[in-house]
Amino acid sequence: AQRVTQPEKLLSVFKGAPVELKCNYSYSGSPELFWYVQYSRQRLQLLLRHISRESIKGFTADLNKGETSFHLKKPFAQEEDSAMYYCALQVWGAQKLVFGQGTRLTINP
Amino acid sequence: DTGVSQNPRHKITKRGQNVTFRCDPISEHNRLYWYRQTLGQGPEFLTYFQNEAQLEKSRLLSDRFSAERPKGSFSTLEIQRTEQGDSAMYLCASSPAGVATYEQYFGPGTRLTVT
């Protein structure tokens, strides 16, 4: 079965510091991987997807098939980055998303 | 607001009662999904529709749960004989259909509390 693991439930960093949110997955095929974000009092929304290879709000994520990881990184954290972040996997031929438990990121001033 | 909408936003019910939730997807989206999220966990997939056809259903979905999308537009999720373990946030999402993998757009959710 497919599984997504986010080992950190809570992560706290200072403004301006680098941030890395970890995500590991288990799936034998080629996955589609996503990061979704939920800001306070807002709905869950897509942050970025690996296939796009883009940077959104300064965040990037690289798929490492050897380590089965898709860590989210930002070189300089900002206070508005404080939110709940979920890594999600979509398997080939299916539509459902498999989510990790989420990491609550807090950026301290 | 042209996003996904869900009603009601909150529902408190007594154990054993039936409840029904509604989801209105973004109007041009053919695909509709239901997820359940309990405290401290990520969303868990329940079921998926393409137009009016229910194409995927999780093993999490017991016989007490049923979902419909009769005209390929809005969807309802019904839980019969609710149990305390059904207390959760129920999320609906929609996306366009097609060969490509599209972003899923989530609604605000319906929070169910079973007392």
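Here is the naming used below: chain letters follow the sequence lines, and residue numbers restart at 1 for every chain.
Within 6.0 Å of CG on L55(B) lie more than 12 heavy atoms contributed by other residues, nucleotides or ligands. Heavy-atom neighbours of R64(B) CZ from other residues, nucleotides or ligands within 6.0 Å: above the threshold of 12. The environment of CD in E28(B) is crowded: more than 12 heavy-atom neighbours from other residues, nucleotides or ligands sit within 6.0 Å. The local environment of CD in Q78(A) is crowded, with over 12 non-hydrogen atoms from other residues, nucleotides or ligands closer than 6.0 Å.
In this structure, F76(A) is not a member of the same hydrophobic cluster as I56(A), with clusters built from ILVMFWY side-chain heavy atoms closer than 4.5 Å. Residues F21(B) and F65(B) share a single hydrophobic cluster, defined by chaining ILVMFWY side chains whose heavy atoms lie under 4.5 Å apart. One hydrophobic cluster holds both I79(B) and L61(B) under the rule that ILVMFWY side chains link at heavy-atom gaps under 4.5 Å.
Residues Q37(B) and Y86(A) have side chains in contact (heavy-atom distance under 4.5 Å, counting atoms from C-beta outward). Annotation: side chain of Q104(B) is in contact with side chain of Y36(A) (closest heavy-atom distance under 4.5 Å).
Taken from CZ in F106(B) to CZ in R43(A), the straight-line distance is 11.0 Å, to the nearest 0.5 Å. Residue Q101(A) holds its CD atom at 4.5 Å from CD of Q41(B), rounded to the nearest 0.5 Å. Once rounded to the nearest 0.5 Å, the distance linking CD of E103(B) with CZ of R49(A) reads 8.0 Å. Taking NZ of K96(A) as the start and OG1 of T47(B) as the end, the distance is 11.0 Å to the nearest 0.5 Å.
Only the side chain of Y48(B) comes within contact range of chain A, judged by heavy atoms closer than 4.5 Å.
You'll find the ring centres of F45(B) and F99(A) outside the 6.0 Å limit.
A distance-only check finds a donor-acceptor pair linking the side chain of Y35(B) to the backbone of L97(A) [under 3.5 Å].
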